[in-house]
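This report concerns only the one structure given below.
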Amino acid sequence: MSNRLNTTPNDLRAFWMPFTANRQFKKEPRLFVGAKDMHYTTHDGRQVLDATAGLWCVNAGHCRPKITEAIREQAGELDYAPAFQLGHPKAFELANRLVDIAPEGLNHVLYTNSGSESVDTALKVALAYHRVKGNGSRFRLIGRERGYHGVNFGGISVGGIVANRKMFGTLLTGVDHMPHTHQPGKNAFTRGEPEHGGDLATELERIVTLHDASTIAAVIVEPVAGSTGVLIPPKGYLQKLRDICTKHGILLIFDEVITGFGRMGTPFAAQYYGVTPDIMTTAKGLTNGVIPMGAVLVSSEIHDAFMSGPEHMIEFFHGYTYSGNPIAAAAGLATLETYKEEGLFDRARDMAPYWEDGLHSLKDLPNVIDIRNIGMIGAIELDPIAGEPTKRAFSAFLKAYENGLLIRTTGDIIAMSPPLIAEKHHIDEIFGKLREILKSNI
Ligand SMILES: Cc1ncc(COP(=O)(O)O)c(C=O)c1O
């Protein structure tokens with residue numbers, strides 16, 4: 001049998017890469033071959049400082065021994081257990097640990113393998129909940145412009161990024177969108193929560209009036225919208241959404257796939273803002289990005305509504321072959337222990353002001369039209385090159401990579417979210433390098 005890997009060792013053609021400019025990449029590949037703590041090692045032997053925690057997921061830093069060891073041990077002890085009608089201890093243990101750190105009242109956990117699956121699971125739970133409660137007319141789902149909820153059909157339907165939606169037909173029906181909250185004209189260079197825009201939450205009232213509350217199942221938002229360039233909720237906005245949902249019997253879903261696990265200096269953004277959703281989606285930082293896993297947390301009220309009928313019957317017809325996979329569960333437990341032992345959520349809270357100062361020190365650089373931050377998240381919005389949107393930020397990304405710094409760009413916005421183990425000198429290095437890059441003619 002021929003081994004094509006051996007005969008074509010450097011052939012990059014077969015892998016159609018996700019969310020990537022494939023032709024550009026394959027001309028000038030950027031490959032990581034190793035990682036430790038705050039750094040990646042590239043295929044050409046350079047160190048790259050990680051200012052993005054991989055893809056917003058490696059919150060405890062790279063190749064942490066406790067997590068690596070837990071995976072190794074679990075793989076040798078119990079590799080897989082069927083997820084339906086059978087279980088294994090660590091999936092239950094991890095669910096309990098998650099409930100321990102979750103906002104009060106979110107007491108039950110459904111497992112998934114990704115953020116996208118968490119979102120679609122949450123939407124299905126919401127629809128089914130209303131149905132089991134005898135409110136089957138509540139079928140509408142409300143998302144938000146510029147929202148990102150992964151790439152599956154539910155997620156792109158409630159999401160608000162045109163490029164992610166326009167190719168895929170009619171999507172889910174019965175979906176509407178609230179306006180996004182980005183108001184750079186009023187809020188540019190705000191530190192933390194913007195002053196203006198809290199009232200945009202009342203747009204939900206307008207949507208409720210249009211469709212009638214009796215047709216609406218759920219509203220889904222990212223507490224902080226990450227993928228469209230770090231859009232921080234204006235003061236009072238999330239609480240207003242909560243109040244409107246409660247008033248009309250609509251479930252509120254927080255998509256905490258990037259805001260979860262310490263990114264805001266609290267376990268979840270819900271606790272940071274003091275606003276509790278009915279359903280919360282997570283993934284990424286749950287296993288420190290090491291093994292694919294997501295989790296959806298739901299209130300007791302929702303869970304208990306399903307627990308009726310004959311006891312031998314399945315209560316909710318949904319789940320994945322790998323829901324609560326043993327190795328992922330072991331990674332999740334070791335990750336939560338690492339966060340706890342090292343006090344990483346508090347550390348993020350304490351480091352956030354330093355992060356904020358460093359970020360805003362770039363305010364006077366050419367083409368910088370906005371800087372915004374919350375917790376250990378920061379964004380720099382650049383003036384697009386006329387007629388060539390996204391090019392300026394992508395050039396910054398390429399220059400940063402050449403200069404040993406990993407940033408992420410979306411449109412003409414640089415978004416950053418370093419591992420929560422970042423020291424002050426790492427933060428100085430991130431903004432020192434960025435200063436040089438933005439000063440140069442990009
Ligand atoms: C808020 C949010 N939801 C969902 C997702 C999708 O997660 P995944 O890529 O694991 O499917 C992401 C990914 O960035 C996200 O930021």
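The first residue in the sequence is number 1, and the count goes up from there. Counting starts at 1 for both ligands and their atoms, following the listed order.
- One side chain, Tyr129 or Glu301, offers a donor N or O that lies under 3.5 Å from an acceptor on the other.
- What you find for Ile67 and Ala331 is that their closest heavy atoms are CG2-O, 4.2 Å.
- Protein residues with any heavy atom under 4.0 Å from ligand 1: Ser114, Gly115, Ser116, Tyr148, His149, Gly150, Glu222, Ser227, Asp255, Val257, Ile258, Lys284.
- Using modelled atom types, one finds no donor on one side chain facing an acceptor on the other under 3.5 Å when comparing Asp412 with Thr390.
- The shortest side-chain heavy-atom distance between Arg408 and Trp56 falls under the 4.5 Å cut-off.
- With no hydrogens or angles considered, a side-chain donor-acceptor pair links His248 and Glu205 at under 3.5 Å.
- Side chains of Ser417 and Thr52: no donor on one and acceptor on the other come within 3.5 Å.
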